[in-house]
Amino acid sequence: MKRRDFSLAAVGAAAVAGLPLAAQSQGPVAAVKPVEGKDYLSLDKRVPTDLGAGKIELIEFFWYSCPHCNSFEPQLAAWVKAAPKDVVVQRMPVRFRDDFEAQQRAYYVFESLNMLDVMHGKLFHAIHNERLQLNTAQALAAWAGKNGLPEQKFLDTYNSFGVSTKARRATQMQESFKVQGVPALGIAGRFYTDGSLSQTMGRALQVAEYLIGEVRRGR
């Protein structure tokens, strides 16, 4: 979804209808050498990473209520399992508007409590398959309480300094990469691609692999 199309009240078919067909598709396309300015963008200013030498960071920018992020999640999860050892994958929830903050913080609640493996996919499923409206701290806490994470523990962690700091950094990273829609990928603090640029998110991963190879070769 492009940034201008986001609306909590219109997630679903109406939002999808406003996108180019290529951006909606998750299927593979013919592999061709990616072209800068067409398939991916180089950042004007490199974004520092906290990784050690020899590590390459790939960031997925996402939003739980985005149908395209939901569709892309299984593909990304499979890619992560097979990713080279020198690649570190990070997910970063975006905050294009203030009402994105609750879901953004929810991700970091799960991370802080070592519950990402359990809760990340469940939240996508609850929003897109069960059609639950989970866009406030209270609604998310009540949902978490029904899914193995005590409501008060969720809220205490949600309001913690650590979660606030991580959420603020995610928004800063989103702006540094000039994210215009999600899902999107940031590579090595130097490159950006998404489904609109690469035609599909499947090819966006191919573009990311190409750029990781270029970084690895010192280019």
Side-chain angles (χ1 to χ4, degrees), residues 1-6 19-64 66-96 104 107 111 116 120 166 169-219:
M1 294 178 71
K2 299 303 290 181
R3 189 166 185 163
R4 64 178 177 273
D5 293 326
F6 281 106
L19 288 170
L21 181 61
Q24 295 176 35
S25 171
Q26 299 296 332
V29 297
V32 296
K33 183 177 178 179
V35 177
E36 182 178 357
K38 178 184 177 183
D39 300 307
Y40 68 92
L41 303 175
S42 294
L43 303 185
D44 296 331
K45 183 178 180 181
R46 291 192 181 187
V47 180
T49 69
D50 298 328
L51 305 182
K55 297 292 184 180
I56 302 171
E57 183 178 61
L58 182 140
I59 299 172
E60 183 220 9
F61 295 98
F62 77 97
W63 177 43
Y64 278 116
C66 167
H68 306 303
C69 298
N70 180 55
S71 296
F72 180 53
E73 177 58 26
Q75 188 175 12
L76 177 64
W79 190 91
V80 170
K81 287 183 179 179
K85 292 183 179 180
D86 63 344
V87 175
V88 177
V89 179
Q90 309 236 30
R91 289 177 171 89
M92 286 196 176
V94 298
R95 181 182 174 182
F96 290 149
Q104 183 186 52
Y107 176 84
E111 183 182 73
L116 265 180
H120 184 65
K166 289 180 178 180
R169 180 176 181 272
T171 302
Q172 291 170 346
M173 292 291 282
Q174 161 199 321
E175 296 302 328
S176 294
F177 276 91
K178 301 178 182 178
V179 177
Q180 291 302 307
V182 289
L185 303 175
I187 301 96
R190 295 169 53 185
F191 307 108
Y192 170 88
T193 189
D194 58 24
S196 294
L197 287 165
S198 296
Q199 301 177 52
T200 72
M201 284 308 298
R203 184 155 189 273
L205 282 173
Q206 294 176 355
V207 171
E209 289 173 351
Y210 166 80
L211 293 170
I212 288 168
E214 293 294 283
V215 172
R216 194 179 286 127
R217 287 187 285 271
R219 297 177 182 174

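Only a predicted model underlies this, so the values are computations on that prediction, with no experimental measurement involved.
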Legend entry - Test log, rule side-chain contact (heavy atoms from CB on, under 4.5 Å), inputs Ile187 and Tyr40: CA-CA 10 Å; Ile187 301 96; Tyr40 68 92; over 6 Å; no
Legend entry - Min side-chain heavy-atom separation Ser196-Gln180 under 4.5 Å: no
Inset, instruction - Could you pull out the closest heavy-atom pair between Asp194 and Ala204, with the gap in Å? - result: O-CB, 4.2 Å
Legend entry - Aromatic ring pairing Tyr64/Tyr107, orientation class (parallel under 30°, perpendicular over 60°, tilted between): tilted
Inset, instruction - Enter the distance from Leu197:CG to Lys38:NZ here, rounded to the nearest 0.5 Å. - result: 11.0 Å
Inset, instruction - Check whether any side-chain heavy atom of Arg91 sits under 4.5 Å from a side-chain heavy atom of Glu111, and report yes or no. - result: no
Legend entry - Least distance between heavy atoms, Pro183 atom then Phe72 atom: CB-CD2, 3.8 Å
Legend entry - Heavy-atom pair with the smallest gap, counting every atom of Thr193 and Ser198: OG1-OG, 2.6 Å
Inset, instruction - Hey, could you give me the CD/CD distance between Glu209 and Gln206, rounded to the nearest 0.5 Å? - result: 7.0 Å
Inset, instruction - Determine whether the aromatic ring centres of His68 and Phe62 lie less than 6.0 Å apart. - result: no
Inset, instruction - Please round to the nearest 0.5 Å and tell me the distance separating atom CD of Glu175 and atom CZ of Arg95. - result: 10.5 Å
Inset, instruction - Considering non-hydrogen atoms only, spot the tightest contact between Trp63 and Val94 and give its length. - result: CB-CG2, 4.0 Å
Legend entry - Side chain to side chain, Thr49 and Lys55, heavy atoms closer than 4.5 Å: no
Legend entry - Validation row: Glu60, Leu185 side chains within 4.5 angstrom (heavy atoms): yes
Inset, instruction - For the residue pair Val179 and Met173, establish whether any side-chain heavy-atom pair is separated by less than 4.5 Å. - result: no
Inset, instruction - Return the minimal non-hydrogen interatomic distance between Arg217 and Tyr210, and the atom names on each side. - result: NH2-O, 4.5 Å
Legend entry - Heavy-atom closest pair, residues Phe177 and Tyr192: O-CD1, 3.7 Å
Inset, instruction - Start with the C-alpha gap between Gln174 and Met92, add the side-chain angles, then the distance that decides, and say whether side-chain contact (heavy atoms from CB on, under 4.5 Å) holds. - result: CA-CA 8 Å; Gln174 161 199 321; Met92 286 196 176; over 6 Å; no
Inset, instruction - Measure the SG-CE distance between Cys69 and Met201 for me, rounded to the nearest 0.5 Å. - result: 8.0 Å
Inset, instruction - Carefully, step by step, assess Leu205 and Leu76 under the rule side-chain contact (heavy atoms from CB on, under 4.5 Å). - result: CA-CA 8 Å; Leu205 282 173; Leu76 177 64; 4.2 Å; yes
Inset, instruction - State the CD-CD1 distance between Glu57 and Ile212, to the nearest 0.5 angstrom. - result: 10.5 Å
Inset, instruction - Give a yes or no on whether the backbone of Pro93 and the side-chain of Gln104 come within a donor-acceptor separation of less than 3.5 Å. - result: yes
Inset, instruction - Give the C-alpha distance, both sets of side-chain angles, the deciding distance and a yes or no for side-chain contact (heavy atoms from CB on, under 4.5 Å) between Leu211 and Arg190. - result: CA-CA 9 Å; Leu211 293 170; Arg190 295 169 53 185; over 6 Å; no
